[in-house]
Amino acid sequence: MATTTIQVSREVRDHLAELARERGLSLGHLVEALAAEQPTAAQRAERLAADREVVRRVIILSTSATLALSAGHINSPGMLGFH
């Protein structure tokens, strides 16, 4: 683990120290936890791309099921796992 110094106002330092105490954490672990709660722009973009892929697959599956039903290739949505 790297060691670094971050300069903040006394008020911010005291606030962070109190939060850390309340949570039973060291100040360093508190900062790690707070940072983990805030994804970077790259992480948000990666999550968005993954979510879009899931939506795209659901739409394709739903469209395929609708087309198969309307074409008479299957006779029940239950055959595709839709209930």
Side-chain angles (χ1 to χ4, degrees):
M1 180 181 303
T3 300
T4 192
T5 300
I6 301 172
Q7 293 185 353
V8 296
S9 69
R10 182 171 301 207
E11 292 81 17
V12 170
R13 182 206 58 198
D14 292 347
H15 181 77
L16 291 171
E18 185 175 345
L19 288 173
R21 256 191 319 277
E22 288 175 356
R23 297 177 188 189
L25 299 172
S26 69
L27 193 52
H29 284 116
L30 175 68
V31 170
E32 285 181 26
L34 293 173
E37 293 174 4
Q38 299 298 316
T40 64
Q43 290 168 325
R44 288 191 307 271
E46 192 175 302
R47 187 177 305 154
L48 179 60
D51 290 347
R52 283 182 174 161
E53 179 61 21
V54 168
V55 169
R56 186 185 70 76
R57 289 180 184 199
V58 168
I59 289 171
I60 289 172
L61 178 60
S62 177
T63 302
S64 296
T66 301
L67 291 173
L69 277 169
S70 62
H73 296 298
I74 58 173
N75 53 16
S76 158
M79 294 176 70
L80 292 170
F82 296 107
H83 302 285

> If you count heavy atoms of other groups shown closer than 6.0 angstrom to CZ of Arg47, is the number above 12?
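No, not enclosed.
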> Could you go through the side chain to side chain contact (heavy atoms under 4.5 Å, CB included) check for Ile59 and Val55 one step at a time?
CA-CA 6 Å; Ile59 289 171; Val55 169; 3.7 Å; yes
> Indicate, with yes or no, if Val54 and Leu48 share a hydrophobic cluster defined by side-chain heavy-atom contacts under 4.5 Å among Ile, Leu, Val, Met, Phe, Trp and Tyr.
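As far as the 4.5 Å side-chain criterion goes, Val54 and Leu48 are not connected within one cluster.
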> For residues 14-32, run the donor-acceptor check on the side chains, cut-off 3.5 Å, and write out each pair with its distance to 0.1 Å, sequence neighbours left out.
residue	atom	partner	partner atom	Å
Ser26	OG	His29	N	3.0
Ser26	OG	His29	ND1	2.8

> For residues 33-45, tabulate all N or O donor-acceptor pairs below 3.5 Å that involve a side-chain atom, not counting sequence neighbours.
residue	atom	partner	partner atom	Å
Thr40	OG1	Gln43	N	3.1
Thr40	OG1	Gln43	OE1	3.3
Gln43	OE1	Thr40	N	2.7
Arg44	NH1	Pro39	O	2.8

